Enquirer: 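Input: one structure, supplied below.
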Amino acid sequence: MTETIKELLHKLSSGALTSVELTSNYLDRIKEVEERVGAFITVTGEEAINSALVADANVNSPDDEPGPLGGIPVGVKDIFCTDGVRTTCASKILENFIPPYDSTVVTKLKEAGAVIVGKLNMDEFAMGSSSENSALADTRNPWDLERVPGGSSGGSAAAVAAGECVVSIGTDTGGSIRQPAACCGIVGLKPTYGRVSRFGMMAFASSLDQAGPFARTVEDAAIVLGAIAGHDEKDSTSLDEPVPDFTATLNDGVEGLRIGIPKEFFIEGIDPEVEAAVRAAIDLLKSKGAVVVDISLPHTHYSVSTYYIVATAEASSNLARYDGVKYGLRVDNGGGLMDMYRDTREAGFGAEVKRRIMLGTYVLSSGYYDAYYRKASQVRTLIKRDFAEAYKVCDVIITPTAPTPAFKIGEKTAEPLTMYLSDIFTLSSSLAGVPAISIPCGFTKENLPIGLQIIGHHLDEATVLRTAHTYEQATEWHTRVAEL
Ligand code: GLN
């Protein structure tokens, strides 16, 4: 279960394999490993076979193009609305919610011919870095079942690493694609904010949320990004920009490419094995012709506090809609409207979600708004400017994705702040809205994957992907498979 999209499309078009066979193989694999991995909240086996039948019919039909993902099994984070299929956000408040429409990402996947095999586990409302905040499933890291897969898109990362789907979709608000990709030894790409539509993607922090692909290879990530990106009238923040063919420039190399190394990211507390792997990766790119430039992103130091003010403020507002009135859980003990609101939210939300709602409400409340929310918005502008300044002297920025490899289940649940620090290297690029990828760049002595982060200019996913592909083609980390 390690074949790439290209290899599979070739087999499908030549008739060596049908999508029904391929999909059945993946559904069998899900049955075989799910008890140990726990990546899915819902497996949509029947729907998958039906889409595979359509894909097979299209392969042989002269009028219907199979599409860039024609017949390929894909998993989707359970934050994307799927018409007629339960969408929970890993929360009790949406445990039985069946949306009447598809999110734009899902519509585009279907248009591209993808076969959706199921909905993947995550931290409740995407709040977390380990997937332990899910109210509905426990996901384990395929490389070590006693460790977390990362989060919040932990199910999406684990499913690809465990061979339960070819590629998957996650969302990243402050690191939730890149950090789990690093933990699970695969590729995860957060596009530029606005590159992919947020319509039908349940909102956590609307000014930061962005959807993107998980894959085994950079080329597969580029193909999936091409399929889901693009302007959407239904999302006012989606960018009206042309979508290039992200695969076209993958092989252009890194000769003369300027790689910025920000001194603020190589700090005390970073795992020495992680630092060594990242430094070796930089040397490798240098040997391929890249030029290394020392840079500074001076406000990096403020990114954790800024993020946890902006994101919680937006979350407290976004999550006001879950009140038991129109959809989702309702707990009504006959005590009137206010009681119904309170009892529903008390029963429906988990501890981390409640913590964020309280923090967010606090930083937006009158008297504190200026000191916290307004100040954080101003610092966010400074963080954005840091990147704009840096990109005057470099083309991409390279850092570790996370300070440590995947940690043990339960290790960080008692102390929210230590959990928040797992995202210390991914938050600033989220606040700046720029694209960033994580790719595998080594393994620790304990055989845990290490992630390399490559951050690009606004809308320049192509250079990020090209740099990542050049590195990947010169190494063999991406060919390693977790033994289950
Ligand atoms: N781990 C971060 C948080 O808990 C980021 C989550 C995300 O990107 N969705 O908010």
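Below, all heavy atoms of this structure are taken into account, side chains as well, without hydrogens, waters or symmetry copies. Since we're looking at a predicted model, the values are computed, not measured. Read the numbers this way: they start at 1 and go in the same order the structure lists the ligands and their atoms.
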Enquirer: I want to check a possible cation-pi pair here: K119 against F40, using under 6.0 Å from ring centre and within 45° of the ring axis as the test.
Expert: no
Enquirer: If the criterion is any heavy atom closer than 4.0 Å to an atom of ligand 1, which residues make the list?
Expert: A126, M127, G128, S129, S152, D172, T173, G174, G175, S176, F204, Y307, Y308, R356, D423
Enquirer: Tell me whether the guanidinium CZ or amine NZ of R279 lies under 6.0 angstrom from the six-membered ring centre of F266 and within 45° of its axis.
Expert: yes
Enquirer: Hey, is NZ on K408 packed in by over 12 heavy atoms from elsewhere, all under 6.0 Å?
Expert: no
Enquirer: So which pairs with a foot in residues 135-161 pass ring pair (Phe, Tyr, Trp, His ring centres under 6.0 Å), sequence neighbours left out?
Expert: W143-F443
Enquirer: Is it true that atom OH of Y369 has more than 12 heavy atoms of other residues, nucleotides or ligands lying nearer than 6.0 Å?
Expert: yes
Enquirer: Can you tell which of I30, V115, V160 makes a side-chain contact (heavy atoms from CB on, under 4.5 Å) with C165?
Expert: V160
